[in-house]
Amino acid sequence: MSELAILGGTPARGPRPWPAWPQYDEATEQQLVAALRSRRWALSWPSDGSPSRERRFAEAFARYNQVPHCVSVDHGSSALVVALEALDIGPGDEVIVPVMTWVAPVSAVLRVGALPVVVDVDPETGCMTPEALRAAVSDRTKAAIVVHLAASVADVDGIRAAVDWAGIKLIEDCAQAHGARWRGRHVGTFGELGAFSFQVGKVLAGGEGGAVITSDPELYRRAQQLRADSRRYPDEQVPEGGNELVEAGEVMGGNYCMSELTAGVLLDQLSRLDAQHEHREKMALELERGLVELGDFGAIPLPEGADRRSIYEYGIRFRPGAFGDVPVERVAEAVTAELGMDVWPPDLPLHRSVMLHPHTKRRFAPVWTEDGRRRALGRDYPGAERYRETTLLFHHKALLGEPADMADLVAAVRKVRDGHERLR
Ligand SMILES: *Cc1c(COP(=O)(O)O)cnc(C)c1O
């Protein structure tokens, strides 16, 4: 067998390029140029008599999710802050969050002055379990933020039952799950609010951006004001030169508004999303056929109620020991070298991550006391550790390729598996 690429051998894949991300064409350019030429670069700028792109995108994204309301914001992180504030969560409150996630849901809880209570995840999907949620409920718990991670979704039925049992609210962080469905319904519609990110790497890309969805008209009214310095859309149509935001002041907000240029790009990108989902799913199934033949390998599973995947990061799961005792970081480097495309292990669980360092900011001192720290992180996280040690991730753009690309992925994994003894 040929030498591993990381040890100087010939890579399993030739010099063919991988699909590029983000994807755009002339239609995208037209949307962007139209926003530019409108001179209306922000929602808070005189109207040209037609609804802002920000509002049009929010309405389109609500329709996409089959939910009555959506508010666009500037980041997924802001969407989480707005969602928490819409539920009036603040100092003295606790919010249950998973240990396996991008740090944003946890930092959002800190930003509203509440304490994040960090719980373990399912070792197969990396998502918060209903059992871990139930075990963390205290008399201070007001909400939970569930994250639909990478290529899977949490056990939505179990999580919803657990929050109802506890009498708390649910926010779904769908930054990695646009368009995923559970028993025919879009994720993000099972919580009181769903939060999304449109950061460039996500499956719906706008550069930087986010949104909150809800079916509750009161939460919608609050979310509008929370993202636009206490202003909301007016009830009447806005004439040319008019203002599409009126001062309401029912709840004090901040400025988390989405730029019109971003909204223009997102209008274009949203129209491509379902076709991309379909293509990725086809390639994922192709890849899975190859992985299963290898033995010891497979995809991150979906819980039984999930009936459509949204693949943000594709996860190859392997049986512990499939690469001997070679650490997953080293395996990922070796597969990366074979493919000429980044493959990585999941981010460190937050209890071991430098991303969660509340002691470095004075503002968090009131919650991040010795007692607060213990309430937040005083648990074991075996599910997260197992998930991390047995998962290799890569970006969804690779699944926009063709069957030959999937064959290269399988060949690279096989080659590193067969040659892992030499990696030690
Ligand atoms: C990307 C991401 C966010 C944050 O989104 P930004 O738009 O980058 O602020 C939040 N939660 C999860 C799970 C994410 O992956």
Side-chain angles (χ1 to χ4, degrees), residues 1-21 100 102 123-126 149-152 176 201 203 279-301 309 311-349 352-353 384-424:
M1 139 189 179
S2 64
E3 185 53 281
L4 296 178
I6 197 172
L7 301 176
T10 308
R13 180 180 169 93
R16 236 154 34 89
W18 290 92
W21 185 263
M100 209 70 213
W102 183 243
E124 300 296 317
T125 66
L149 197 69
S152 196
Q176 305 190 3
V203 296
H279 191 95
R280 278 188 291 256
E281 184 62 26
K282 222 187 283 169
M283 289 306 114
L285 293 175
E286 177 87 18
L287 173 59
E288 275 143 34
R289 278 192 285 277
L291 289 175
V292 167
E293 269 172 37
L294 291 183
D296 292 347
F297 294 88
I300 294 179
R309 265 197 292 201
I311 302 171
Y312 164 60
E313 291 172 330
Y314 186 91
I316 298 173
R317 304 226 52 236
F318 54 91
R319 186 183 56 75
F323 297 97
D325 54 8
V326 180
V328 67
E329 289 86 353
R330 182 76 174 143
V331 171
E333 281 170 17
V335 178
T336 296
E338 298 298 338
L339 290 171
M341 177 191 81
D342 280 342
V343 174
W344 55 83
D347 289 335
L348 280 178
R352 296 204 280 127
S353 169
E385 299 291 3
R386 169 58 71 92
Y387 175 77
R388 187 180 135 79
E389 283 159 15
T390 53
T391 306
L392 292 169
L393 299 172
F394 61 84
H395 189 256
H396 63 83
K397 71 179 182 187
L399 299 180
L400 295 173
E402 42 187 276
D405 297 318
M406 303 305 107
D408 285 347
L409 275 157
V410 175
V413 170
R414 177 192 287 120
K415 191 174 160 194
V416 172
R417 194 260 324 256
D418 292 348
H420 75 263
E421 291 287 350
R422 295 201 296 283
L423 284 173
R424 290 195 292 149

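For this chain, numbers begin at 1 and follow the sequence in order.
Counting all heavy atoms, side chain and backbone alike, Leu392 lies closest to Val331 at CD1-CG1, 4.0 Å. The two residues Glu286 and Pro403 come nearest to each other via the heavy atoms OE2-CB, 3.8 Å. For Met341 against Ala398, the heavy-atom pair with the smallest separation is SD-CB, 3.5 Å. The nearest pair of heavy atoms linking Val328 to Pro345 is CG1-CB, 3.7 Å. Ala412 and Val335 make their closest contact through CB-CG1, 4.2 Å (heavy atoms, listed as atom of the first residue, atom of the second, distance). In terms of heavy-atom proximity, Met100 sits nearest to Pro346 at CE-CB, 3.6 Å.
Considering CG of Leu423 and CG of Asp325, their distance stands at 11.0 Å, rounded to 0.5 Å. Between the CD atom of Glu385 and the OG1 atom of Thr390 there is a distance of 11.0 Å, given to the nearest 0.5 Å. In this structure, Asp405 CG and Lys397 NZ are separated by 11.5 Å, a value rounded to the nearest 0.5 Å. Considering CG of Leu399 and CG of Leu285, their distance stands at 10.0 Å, rounded to 0.5 Å. A distance of 11.0 Å separates CG in Leu339 from CZ in Arg16, rounded to the nearest 0.5 Å. With values rounded to the nearest 0.5 angstrom, Ile311 atom CD1 is found 11.0 Å from His279 atom NE2.
Trp102 pairs by the side chain to side chain contact (heavy atoms under 4.5 Å, CB included) definition with Ala104, Asp347, Met355, not counting sequence neighbours. Legend: residues meeting side chain to side chain contact (heavy atoms under 4.5 Å, CB included) with Ala20, ordered by chain and number and at least two apart, are absent. Partners of Glu124 by side-chain hydrogen bond (donor to acceptor under 3.5 Å, both in side chains), not counting sequence neighbours, listed by chain and number: Arg317. Here Glu338 pairs with Lys415 under the side-chain hydrogen bond (donor to acceptor under 3.5 Å, both in side chains) rule; sequence neighbours left out.
Ion pair Glu333/Arg330 flagged as a salt bridge, since at least one NZ, NE, NH1 or NH2 atom sits closer than 4.0 Å to an Asp/Glu carboxylate oxygen.
In this structure, Tyr312 and His395 have perpendicular ring planes: the angle between them is above 60°, well past the 30° mark.
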**Asked** Would Leu149 and Thr125 satisfy side chain to side chain contact (heavy atoms under 4.5 Å, CB included), going step by step from the backbone distance to the final call?
**Response** CA-CA 7 Å; Leu149 197 69; Thr125 66; over 6 Å; no
**Asked** Given Glu3 and Thr10, is the side chain to side chain contact (heavy atoms under 4.5 Å, CB included) satisfied, shown in steps?
**Response** CA-CA 7 Å; Glu3 185 53 281; Thr10 308; over 6 Å; no
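Screening Trp18, Trp344, Tyr314, Trp21 for a ring pair (Phe, Tyr, Trp, His ring centres under 6.0 Å) with Phe394, the sole residue that qualifies is Tyr314.
For residues 404-424, the set of pairs meeting the ring pair (Phe, Tyr, Trp, His ring centres under 6.0 Å) definition, not counting sequence neighbours, is empty.
No side-chain donor-acceptor contact under 3.5 Å links His396 to the backbone of Ala150.
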Atom pairs and distances, side-chain donor-acceptor, residues 292-300, under 3.5 Å, sequence neighbours left out:
from	atom 1	to	atom 2	distance (Å)
Asp296	OD1	Arg319	NE	2.9
Asp296	OD2	Arg319	NH2	3.3

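Counting only heavy atoms from C-beta outward, the side chains of Pro349 and Arg388 approach each other to under 4.5 Å.
Environment of CZ in Arg352: crowded, with over 12 heavy atoms of neighbouring residues, nucleotides or ligands closer than 6.0 Å.
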